[in-house]
Protein chains: 2
Amino acid sequence: MSADTSKVPTPKDTVKVDKALEVFKNFLSAHNFRITDQRLAIFEAAYYHPEHYTAEDLHDSARAIDSSVSRATVYRTLPILVESNLIREVDVGRDYKYYMANRETKTFQAQVICAETDTIYEVDAPFMEWYGKAVAEKLGMEPISQRLQVIARPKKKV
Amino acid sequence: MSADTSKVPTPKDTVKVDKALEVFKNFLSAHNFRITDQRLAIFEAAYYHPEHYTAEDLHDSARAIDSSVSRATVYRTLPILVESNLIREVDVGRDYKYYMANRETKTFQAQVICAETDTIYEVDAPFMEWYGKAVAEKLGMEPISQRLQVIARPKKKV
DNA sequence: TTGGTTGCAAACAATTTGCATCTAA
DNA sequence: TTAGATGCAAATTGTTTGCAACCAA
């Protein structure tokens, strides 16, 4: 998350932080959206939040940075963050949505949801991109996005 | 769907209809649930409904059979139908759920959702069973269920 | 100055639930 | 007879929206 206070941030950290923040600011400007304290607080909370989080989680985290952030503004800012590709939505079929930072997106990822702990794991699933394309192909279509989700339980040790 | 009215139902049709109904009635009895007119109407509407449908769609269809069926009873009966494996839930990430009859389930099916028409297509995806297992395996888990969904658009004709 | 933003509270929409009444077994 | 079912309407819950006050550009 935020820099370890026990030492000065490394140049590398600074560069990374600035890059994402810059992307966000540029995105706002490019769309004639204003750069407000609330949006910056939500960005910081959203981009550096570890693991998956709900809108409510994000509301809490953003308030810790700027207590004036309202729930409505969180909900209004989430689509902007998703659109700018800084975070992504992870819908696992609950009645609320999860989000997570897009810090270092590599290959396609599937979600494995543990039925016992409800934890959501992101797992590399490199073949999916191709396989989803093959499935869509059967209907003469091309994929825009896809998701593979596996509800699973821990294997019993033998 | 229902028998062609231009001819007498074949013995085969009759057997199929009776079988599903019997499964439902047996399921109810086995769980000490009562066999009511409303549940029978909902079963019939749910099991013979073509394609995917929402709870609201089902409510309409069931009312056409028995006008006394309330929305609450539809919602209360859906889990029973899913549990008895006569229908299955198809969650495509909207704010309401879809259902569809489990008439002849063969291999694993993926959903392809057309971004232009919103139509949901069920497509055989025989490898998924194995692939989902492989993905869960990476975490030392075994799959309980899985879903592959592809949002797609029609390919442009060249 | 002014058009985009905000917080608040009310509005929404799908689904669930409390309760008095009904009914299958 | 009686435990389970039903319809109705109210409640729930995550999310959206109208609006007057605000404020970034």
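As a basis for the values below, the full set of heavy atoms in this structure was taken, side chains included, without hydrogen atoms, waters or symmetry mates. Order of the sequence lines sets the chain letters (A, B, ...), proteins ahead of strands, with each chain counted from 1.
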May I have the distance from [X] (atom [atom1]) to [N] (atom [atom2]), rounded to whole angstrom?
X       : N      : atom1 : atom2 : answer
B:Glu89 : C:dT15 : CD    : P     : 9 Å
A:Tyr99 : D:dG14 : OH    : C1'   : 10 Å
A:Arg94 : D:dT15 : CZ    : C1'   : 18 Å
B:His59 : C:dA14 : NE2   : P     : 14 Å
A:Asp91 : D:dG14 : CG    : C1'   : 12 Å
B:Asp95 : D:dT15 : CG    : P     : 10 Å
B:Asn32 : C:dT23 : CG    : P     : 21 Å
A:Arg71 : C:dA9  : CZ    : C1'   : 12 Å

If you check every side-chain atom of [X], which of [options] has the closest atom?
X       : options               : result
A:Tyr96 : D:dT15, C:dT15, D:dC8 : D:dT15
A:Lys97 : C:dT6, D:dT15, D:dT6  : D:dT15
B:Arg34 : C:dA25, D:dT16, C:dG3 : C:dA25
A:Tyr75 : C:dA25, C:dT6, D:dT15 : D:dT15
B:Arg39 : C:dC8, D:dT15, D:dT6  : D:dT6

Inset, instruction - Ignoring backbone atoms, test whether B:Thr36 places a side-chain nitrogen or oxygen under 4.0 Å from the OP1 or OP2 oxygen of D:dG4. - result: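 Result: no.
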Report task. Specify the residue among B:Ala72 and A:Val74 whose closest nucleotide of DNA chain C lies further upstream toward the 5′ end. Result ->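 Mapping each residue to its closest nucleotide by heavy atoms, the 5'-most match is A:Val74.
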Practice task
By nearest nucleotide on DNA chain C, pick out whichever of A:Gln38 and B:Asp37 is the more 5' one.
Solution key: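 It is A:Gln38 whose nearest nucleotide is closer to the 5' end.
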| said: Pairing donors with acceptors under 3.5 angstrom, does anything connect the side chains of A:Ser29 and A:Asn26? | reply: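 No, because no side-chain N or O of A:Ser29 sits under 3.5 Å from a partner of the opposite role on A:Asn26.
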Have A:Arg88 and A:Gln109 got a donor and an acceptor in their side chains that come within less than 3.5 Å?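 Yes.
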*asked:* Both B:Arg63 and B:Phe33 contact DNA chain D. Taking the nearest nucleotide for each, which residue is further toward the 5' end?
replied: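 On the 5' side of the pair lies B:Phe33.
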At under 4.0 Å between heavy atoms, what does B:Arg76 touch on the DNA or RNA strands: base, sugar-phosphate, or nothing?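 Answer is base: heavy atoms of B:Arg76 come under 4.0 Å of a base.
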Query raised in the report: Can a salt bridge be assigned to the pair B:Glu142 and A:Arg153 using a cut-off of 4.0 Å between side-chain N and carboxylate O?
Result: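 Yes, charged N to carboxylate O under 4.0 Å.
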- Are the charged groups of B:Glu137 and A:Lys155 less than 4.0 angstrom apart, N to O?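 Answer for the salt bridge query: yes.
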Could you check whether A:Tyr131 and A:Phe127 have their ring centres less than 6.0 Å apart?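 No.
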